[in-house]
Amino acid sequence: MKLLQEKIKQEGRVLKGNVLKVDAFLNHQVDVFLMQQIGKEFVKRFSTEQITKVLTLESSGIAPAAMVALELGVPLLVARKCKSLTLTDELVTAEVYSFTKQETNQIMISKQFVAKDERFLIIDDFLANGEAAKGLLDLVEKCSATAVGIGIVIEKSFQNGRKWLNEQGIHVESLARIASLNNNTVTFVVEEMK
Ligand code: 5GP
């Protein structure tokens, strides 16, 4: 997605440890107009799928996922990372190792928000080693629901997540695919630069 690539080039910052900081438009300040375009692009790319609900992980997945849900006209379910007093219903949990925080967290959803025959489109901000994606897929499976695919805003293609998801036969669509962050420079996967 050209618009997203340009935004990453202009406002993304490469940090130590192969981390791309996109606080200016995705993870902290949110460019809602870009998010709207991202929502439309995902809907186009998954147009052949029947989707009943969008699933994401708090907090950075919420902005793009909300736009996808709005565009599709379906609800958004946000997997939570912290148990709170209001999470009182029957919970389904999975474990996720966080690349940026270097720790394992439990993620959870309330079973009451998963209907019979639910067909989820999973949306997340980044794909690195695929830990968040695995956790979300685990939640879907534990609810006996279906994941029709995974939409990723920024994929770090030099890490293992994409390969693993491809091996599972999951329909993955990434709007920006990064081949490398070497020398503080963002290089995109070649076919996307056409
Ligand atoms: P994974 O679970 O695929 O290893 O990593 C994906 C999760 O880690 C994303 O949900 C995102 O929050 C975080 N993440 C991974 N790499 C980056 C990065 O380069 N920049 C930022 N801002 N977050 C990242």
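In this text the structure is predicted, and so the values were computed from the model without any measurement. Every number for a ligand or one of its atoms is a count from 1 in the order of the listing.
The shortest N/O to N/O separation between Ala128 and ligand 1 falls below 3.5 Å. Considering backbone and side-chain atoms together, Leu20 places an N or O closer than 3.5 Å to an N or O of ligand 1.
Proximity to Ala132 (heavy-atom distance under 4.0 Å) selects the following atoms of ligand 1: 2 (O). Taking a cut-off of under 4.0 Å to the non-hydrogen atoms of Asn27, the atoms of ligand 1 that pass are 22 (N). Near Asp124, the atoms of ligand 1 lying under 4.0 angstrom from a non-hydrogen atom of the residue are 10 (O). For ligand 1 and Val19, the ligand atoms under 4.0 Å from any heavy atom of the residue are 18 (C), 19 (O), 20 (N). Residue-ligand proximity, Glu131 to ligand 1, at heavy-atom distances under 4.0 Å covers atoms 1 (P), 2 (O), 3 (O), 4 (O).
The closest approach between Lys156 and ligand 1 falls below 4.0 Å for a heavy atom of the residue. Distances shorter than 4.0 angstrom occur between a heavy atom of Gly130 and an atom of ligand 1.
Between Asp138 and Lys134 there is no salt bridge, since no side-chain N of the basic residue sits under 4.0 Å from a carboxylate O of the acidic one. Between Arg177 and Glu155, at least one side-chain nitrogen of the basic residue sits less than 4.0 Å from a carboxylate oxygen of the acidic one, meeting the salt-bridge criterion. In summary, Glu6 and Lys9 do not engage in a salt bridge, as defined by a charged side-chain N under 4.0 Å from a carboxylate O.
With a 4.0 Å heavy-atom cut-off, ligand 1 is reached by no atom of Leu57. When non-hydrogen atoms are compared, ligand 1 lies under 4.0 Å from neither the backbone nor the side chain of Ile154. At a 4.0 Å heavy-atom cut-off, ligand 1 touches Asp125 through the side chain alone. Here Lys21 has no heavy atoms under 4.0 Å from ligand 1, in either its backbone or its side chain.
Scanning all heavy atoms of the two residues, the minimum distance from Val148 to Gln50 falls at CG1-O, 3.5 Å.
For the side-chain contact (heavy atoms from CB on, under 4.5 Å) with Ile154, the qualifying choice from Val186, Val22, Asp124, Asp125 is Val22, the only one to do so.
In this structure a side-chain-to-backbone donor-acceptor pair under 3.5 Å is missing from Gln168 to Leu165. No donor-acceptor pair closer than 3.5 Å links the side chain of Arg80 to the backbone N or O of Ser110. In this structure, Lys7 contributes its side chain and Asp31 its backbone to no donor-acceptor pair below 3.5 Å.
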